[in-house]
Amino acid sequence: MKRKTNSGIVPKRMKLNPEKGEVNWAPNHIEGEDELSQTTHQRIMIEESKKSISFQNKIKTKSLMALTFSFRRNSINNNSTIQYLKEQYPLFFQEEEQYDELQRLTAVDIKKNLLKKLNHIVTNY
């Protein structure tokens, strides 16, 4: 039976340990990165996300997403809402960034593996 808090709300059970395959569940912050630098990176990402995808600087966006990974994971692990993530990390919701994020989280190239498996299925059909 779950215990209620004084407010009468049953708290969600937080996941403290990574699941199988999650190698970067709660990564350490990159040396030299702090709240101020993260805020700067987020502002740049928000400005970059306002551009059409074809005009975005891919090298810059990938770099910014890698630099903010540990802070983003911390937000996700602390049950941030989708709306909050969309506001703070708008590039996170682009297809290529989803593949990159999964690779940062699991250390597996998901896109490459998916295409390899699909190719295997198609050729053996």
Side-chain angles (χ1 to χ4, degrees):
M1 184 168 155
K2 294 183 179 180
R3 295 184 180 184
K4 292 184 180 179
T5 61
N6 291 339
S7 63
I9 298 171
V10 178
K12 287 184 179 180
R13 183 172 178 207
M14 284 193 54
K15 182 175 148 185
L16 300 176
N17 299 316
E19 295 289 330
K20 182 179 178 182
E22 293 174 340
V23 295
N24 285 317
W25 173 253
N28 295 326
H29 300 313
I30 296 173
E31 191 174 324
E33 292 295 318
D34 58 12
E35 293 292 330
L36 180 61
S37 65
Q38 289 301 301
T39 304
T40 304
H41 298 324
Q42 286 175 324
R43 260 189 273 137
I44 295 168
M45 282 192 294
I46 291 168
E47 289 304 313
E48 198 68 26
S49 71
K50 291 176 182 176
K51 298 176 185 176
S52 170
I53 291 177
S54 59
F55 290 108
Q56 290 176 1
N57 183 335
K58 298 295 180 198
I59 296 169
K60 184 186 220 179
T61 57
K62 286 186 180 297
S63 173
L64 290 169
M65 289 297 286
L67 286 170
T68 58
F69 176 66
S70 61
F71 286 86
R72 191 170 47 259
R73 282 302 309 162
N74 188 34
S75 292
I76 292 168
N77 291 345
N78 289 321
N79 298 320
S80 290
T81 64
I82 299 294
Q83 184 62 37
Y84 172 81
L85 293 172
K86 281 185 177 181
E87 290 169 2
Q88 298 300 314
Y89 305 100
L91 299 173
F92 178 68
F93 293 90
Q94 293 179 358
E95 181 181 357
E96 272 307 309
E97 286 305 325
Q98 288 293 302
Y99 288 123
D100 291 344
E101 192 77 1
L102 282 169
Q103 187 170 359
R104 284 188 282 268
L105 182 61
T106 63
V108 174
D109 188 344
I110 304 295
K111 190 173 186 179
K112 180 181 173 185
N113 286 350
L114 177 64
L115 292 174
K116 184 178 175 182
K117 296 283 184 188
L118 286 173
N119 189 35
H120 177 74
I121 290 169
V122 169
T123 56
N124 291 331
Y125 181 66

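Just so it is clear, the values below take in all heavy atoms, side chains as well, and ignore hydrogens, waters and symmetry mates. Position 1 is the first residue of the sequence, and the numbers go up from there.
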Connected via hydrophobic side-chain network under 4.5 Å: F69 and L85
no
Connected via hydrophobic side-chain network under 4.5 Å: I76 and M45:
yes
Steps toward side-chain contact (heavy atoms from CB on, under 4.5 Å) verdict (L114, K111):
CA-CA 5 Å; L114 177 64; K111 190 173 186 179; 5.7 Å; no
Whether E48 side chain and N57 backbone form a donor-acceptor pair below 3.5 Å
yes
Show the nearest heavy-atom pair for residues H120 and N124, with the distance to one decimal.
CE1-ND2, 2.7 Å
Which heavy atom of S37 sits nearest a heavy atom of E33, and at what distance?
OG-OE1, 2.8 Å
When hydrophobic residues are tied together by side-chain contacts of less than 4.5 Å, even through go-betweens, does L91 share a cluster with F93?
yes
Under 4.5 Å between side-chain heavy atoms, hopping through other hydrophobics if needed: is there a path connecting I82 to F92?
yes
Counting only heavy atoms not in K51, do more than 12 fall under 6.0 Å of its NZ?
yes
Without swapping roles, check the side chain of T81 against the backbone of Y84 for a donor-acceptor pair under 3.5 Å.
yes
Ionic contact status for K58 with E96, cut-off 4.0 Å
no
Which distance, rounded to the nearest 0.5 Å, do you find between the CD of E47 and the OG of S49?
7.5 Å
Working for side-chain contact (heavy atoms from CB on, under 4.5 Å), residues Q56 and I53:
CA-CA 5 Å; Q56 290 176 1; I53 291 177; 4.3 Å; yes
Where the side chain of N74 meets the backbone of S70, is there a donor-acceptor pair that is under 3.5 Å apart?
no
For K86, does the NZ atom have more than 12 heavy-atom neighbours from other residues, nucleotides or ligands under 6.0 Å away?
no
Closest heavy-atom pair and its distance - R104, M65
NH2-CB, 3.7 Å
Count I, L, V, M, F, W, Y as connected when their side-chain heavy atoms are under 4.5 Å apart, and connections chain through other members. Are L67 and Y89 then in the same cluster?
no
Do I44 and K60 have side-chain heavy atoms sitting under 4.5 Å apart?
yes
Any donor-acceptor N/O pair, T106 side chain to L102 backbone, under 3.5 Å:
yes
Would you say Q42 and Q38 are linked by a side-chain donor-acceptor pair, where the criterion is simply a distance under 3.5 Å?
no
When you look at CD1 of I59, are more than 12 heavy atoms from neighbouring residues, nucleotides or ligands closer to it than 6.0 Å?
no
